[in-house]
Structure formats: C-alpha cells, structure tokens
Amino acid sequence: MSQTQLASVSRGNSLVLQILVGILAGGVLAYLSPEWAANAGLFGQLFVSALKAVAPILVFVLVAASIANQKQGQRANMRPIIGLYLVGTLAASLTAVTMSFLFPTTLEFATTDASITPPEGIGQVLNTLLFNIVDNPVSALMNGNYIGILAWAIGLGIALHHASNETKRVFSDVSEGVSMIVRFVIRFAPLGIFGLVASTLAKSGFDALAGYVHLLGVLLGSMFTIALVVNPAIVYFKTGQNPYPLVLKCLRESGITAFFTRSSAANIPVNMQLCRRLDLDEDTYSVSIPLGATINMGGAAITITVLTLAAVHTLGIEVDIATAVLLSIVAAVSACGASGVAGGSLLLIPLACNLFGIPQEIAMQVVGIGFTIGVLQDSAETGLNSSTDVVFTAAACMAEERKNS
C-alpha cells in the first residue's frame, strides 16, 4: 500500500474516532443540559444543509465522469463477473426490502412538517419517475431531483464517451474537485453528528437510541445474510462447488481489512494480493477488482433500501409489492454510483426517497441518521462490498476453468 493510501486509511480511522467522540459528547450534553443540547442542533442543521447543497452536484459529476472515462475493449470474460456484480447488488437490495418488512423500523426526525405527497401505487410512481427523468437538468440540480440528475449524468457520460482525452480529463479533474469538497464537508461530520445526537436526544429522550439499535440490527442482519447465505448460494450456482471455503477466506483476508479501512479503494491492493494467492487469472482480476470497487455495491444497496424504507415506515406511507421491487432496482442501480468517500452511499438516499414523495428536508435528516450509525454501518458495508469483489471474481474464474477443462 502506498504512502498516499496509508494516509487515507489513517484519516479514515481518525474520522471514525472523532465521530465516536461526537456521538458520546452529544449524549452527555443531552443528559446534563437538554436546553444547551437543543441549541447545539444548529451544528447538525448546518452539516445537513451542506450535504444537501453538495450531494446533487456530486452524483451528477461522478456518474458522468465514470461513464465518460470507461475504457473500451475489455476482455469477454469480464461479462460474467459484471453479471455477478449486478445480480449480487440486486439480491442485496431485495434482501434488505424483505428484512425491512419483517422488522419495520421507525426513526426520530427533528421536523416532519414538510409537505409530503406519497404515491398511490406503482402507476403513479412510474408516472413520477418518467417525468423526473426528463426534467430540466438545471431544475433537477436545484430541486434535488436525483432521478433526473442520474438520467442526465448517464446521458452526458455516454455522449462524452467518444470525446477527446483532454475533455475526459477535464471531467475527471472536476469529479476529483467535487470529491475533495465532499471530503471537506465530511470532515465536519463529528461536529454535525454531535449536534444531531444532542438535539435528537434532548427532544426525544434517550429512547431514540433504541431506534438506532433496531436500525443497526436490520442493516447488519441484512449484510450478514448476504455475506453468509446469498453470496454462497450465488457462488454454488456458478461453480457447483462448496462455496464456504472461498467465502470465509475472502471475509477473513479482505473483509476484515476493509472493515477497518472503510475504503474500497484503499482495499484494492489487499484484494489484488488475495487474488494472486488464489491463483486467479491476472488479466481478469487486474480489471475486475478495481471495477468492483466502483460498481459492486451490495452493502450500499442495503443501506439505501433499509434507510429509505425506515423513513417510509416512519411517515406512514403505504408500500405495495411492485413499488418495493422498483425500490430494489433503483437502490441497486444507484448503489453502483456510490461515491468512494466514507458514507458515500448515504448521499444517494434522497434518490430513493424521491420514489415515495419524501421531500429533501426529511431525506437529508435520514442521511444524518446514517452518519450517526455510520461507525458500524459504513465499516460493515465496506467489508461486504470489498470481500464480495474477490468472491465473485474467483467464482467466475473457477467456472471458466471448469468449462475449459
């Protein structure tokens, strides 16, 4: 691992400790002085507002730059790996939907007086979806229409795919610049989380912590189900062999490292070394591992789905099966564009919330709750995402070897 990556890991661990301190400090202040704790909510409001301002631009630039800079001429044997990535991510969001309905979660919001117009069913959802897709891009950015933002980003990325290298480099530089701004905003997460925790506990009491325990239980339960049940089933279907030696080895040698680094990008060298020890095809894993760090986001799909449905249950919005399946697809697709910064999947929650008519004021509070539990949620999410990259790469290579033998 390079010095830059080591520094990134160190900063990530430092942020985790700072968020932990912020959570504890917010709880202590709420216990000692509820009045001061309520006033400290200003820090949380500023943090949420900053996220609300930067999130639309982040999604637009990252998705457009990623598609525009996608390399052509990849080997044909990448197709089954990409297929596994997509199937795994969709399975993760479907599992999260199932867990959310089996164990419904409610949240505590600072305010819920914003106008909410929940959809009446799949027909209205699809109607809203289509009109959001063709929304004016400037309007989409201004109003936080993430579905429109995603549609325009994909379209622009495809259009720029054949542009000159200089143009693509400009988009890459802009993407990096926006990511730096996001990292700067997230550096204030400890202070923002301190304000959110303090004000929430001051207004709702310490019973609100029970909701976070339940929410974490649903999130982590969904991730363990994917890691130990769904992923092994996919590997068995692909290879016809006992999947657990491979799955457990990847969780031990990749998942644990990713859990503590909280960065799929920083874990790429670890995964490459693991693939080398597994004696996989270097031409395959040298492409699939970096690609997986970008698009294989089962953990992110779980986070987006569970937190969105928690908001839906809190607001009393009725959800039919068709809409839940649509949410799974949207969560899977949007998870593939999750940013590489810590908590990047949380910034895509408003996109899923749009399906249910939940306004940005509420959606960004859900993001704030996500950051509050992110010490465990983001670590487990990264561990699942990164270890699954190796699991699916190895499964595809094993299947290819069996076919050629």
Under 4.5 Å between any side-chain heavy atoms of T106 and H214, yes or no? no
Is I289 close to C275 at the side-chain level, that is, under 4.5 Å between some pair of heavy atoms? yes
Is the shortest heavy-atom distance from the side chain of F224 to the side chain of V229 under 4.5 Å? no
Rounded to the nearest 0.5 Å, what's the gap from CG on L246 to OG1 on T239? Could you check? 8.0 Å
For Q377 and M223, which heavy atoms make the closest approach, and how far apart are they? O-CE, 4.1 Å
Counting only N and O atoms by type, is there a donor-acceptor contact under 3.5 Å from the side chain of T305 to the main-chain atoms of A96? no
Min side-chain heavy-atom separation D389-Y85 under 4.5 Å: yes
Under the criterion side chain to side chain contact (heavy atoms under 4.5 Å, CB included), I'd like the reasoning laid out for F392 against I234: C-alpha separation, chi angles, the key distance, then a yes or no. CA-CA 9 Å; F392 287 163; I234 294 174; 3.9 Å; yes
Main-chain N/O of A163 paired with T167 side-chain donor or acceptor, under 3.5 Å: no
Out of L84, N296, L94, which residue meets the side-chain contact (heavy atoms from CB on, under 4.5 Å) rule with T89? N296
Suppose we screen for side chain to side chain contact (heavy atoms under 4.5 Å, CB included). Which residues come up paired with L141, at least two apart in sequence or across chains? P56, F60, I149
Heavy-atom pair of closest approach, residues S222 and V306: OG-CG2, 4.4 Å
Side chains of L102 and V218, heavy atoms from C-beta outward: is any pair under 4.5 Å? no
Do T95 and T98 meet the criterion of a side-chain donor-acceptor pair at a distance under 3.5 Å? no
Determine whether a donor-acceptor pair (N or O, by modelled atom type, separation under 3.5 Å) exists between the side chain of T314 and the backbone of A310. yes
Distance, nearest 0.5 Å, that separates CD of E176 from CG of D173: 8.5 Å
Closest heavy-atom contact between A140 and G148? CB-C, 4.3 Å
What verdict does the side chain to side chain contact (heavy atoms under 4.5 Å, CB included) test give for I302 and L384, after you've listed the backbone C-alpha separation in whole Å, the side-chain angles of each residue and the deciding distance to 0.1 Å? CA-CA 11 Å; I302 289 172; L384 175 62; 4.1 Å; yes
Which atoms form the tightest heavy-atom contact between A40 and F194, and what is the distance? CB-CE2, 3.9 Å
Test of understanding: with ring-ring contact (aromatic ring centres under 6.0 Å, His included), list the residues that count as partners of F237, not counting sequence neighbours. none
What I want to check is whether the side chains of E361 and Q365 have a donor and an acceptor closer together than 3.5 Å. no
Could you grab the distance from atom OG of S387 to atom CD of E253, nearest 0.5 Å is fine? 11.5 Å
To the nearest 0.5 Å, atom CE of M142 lies from atom CG of N136 at 9.5 Å
What residues, two or more places apart in sequence or in another chain, satisfy side chain to side chain contact (heavy atoms under 4.5 Å, CB included) together with V174? V61, V170, V178
Any donor-acceptor N/O pair, W152 side chain to D135 backbone, under 3.5 Å: yes
Suppose we screen for side chain to side chain contact (heavy atoms under 4.5 Å, CB included). Which residues come up paired with V367, at least two apart in sequence or across chains? L51, L346, L347, I349, P350, M364, F371
Chi angles and distances behind the side chain to side chain contact (heavy atoms under 4.5 Å, CB included) call for L215, L107: CA-CA 8 Å; L215 178 61; L107 307 173; 3.8 Å; yes
Those residues at least two apart in sequence (or on a different chain) that pass ring-ring contact (aromatic ring centres under 6.0 Å, His included) with F101 are H313
How close do A92 and G298 get, counting heavy atoms only, and between which atoms? CB-O, 3.4 Å
When every non-hydrogen atom of A30 is compared with those of A198, the smallest separation belongs to CB-O, 3.7 Å
Under a 3.5 Å threshold, yes or no: a donor from one side chain and an acceptor from the other, between N271 and S254? yes
Pairing residues for K238 by the salt bridge (Lys or Arg N to Asp or Glu O under 4.0 Å) criterion, not counting sequence neighbours: none
For the OH atom on Y244, are there more than 12 heavy atoms of other groups (residues, nucleotides or ligands in this structure) within a distance under 6.0 Å? yes
Can you tell me how far SG of C397 sits from CD1 of I81, rounded to the nearest 0.5 angstrom? 5.0 Å
Which value, rounded to the nearest 0.5 Å, describes the distance between Q241 atom CD and Y236 atom OH? 10.0 Å
Test L251 against L228 for side chain to side chain contact (heavy atoms under 4.5 Å, CB included), laying out the working first. CA-CA 10 Å; L251 286 173; L228 299 176; 3.8 Å; yes
Among V235, L274, T393, the one residue meeting side-chain contact (heavy atoms from CB on, under 4.5 Å) with C250: L274
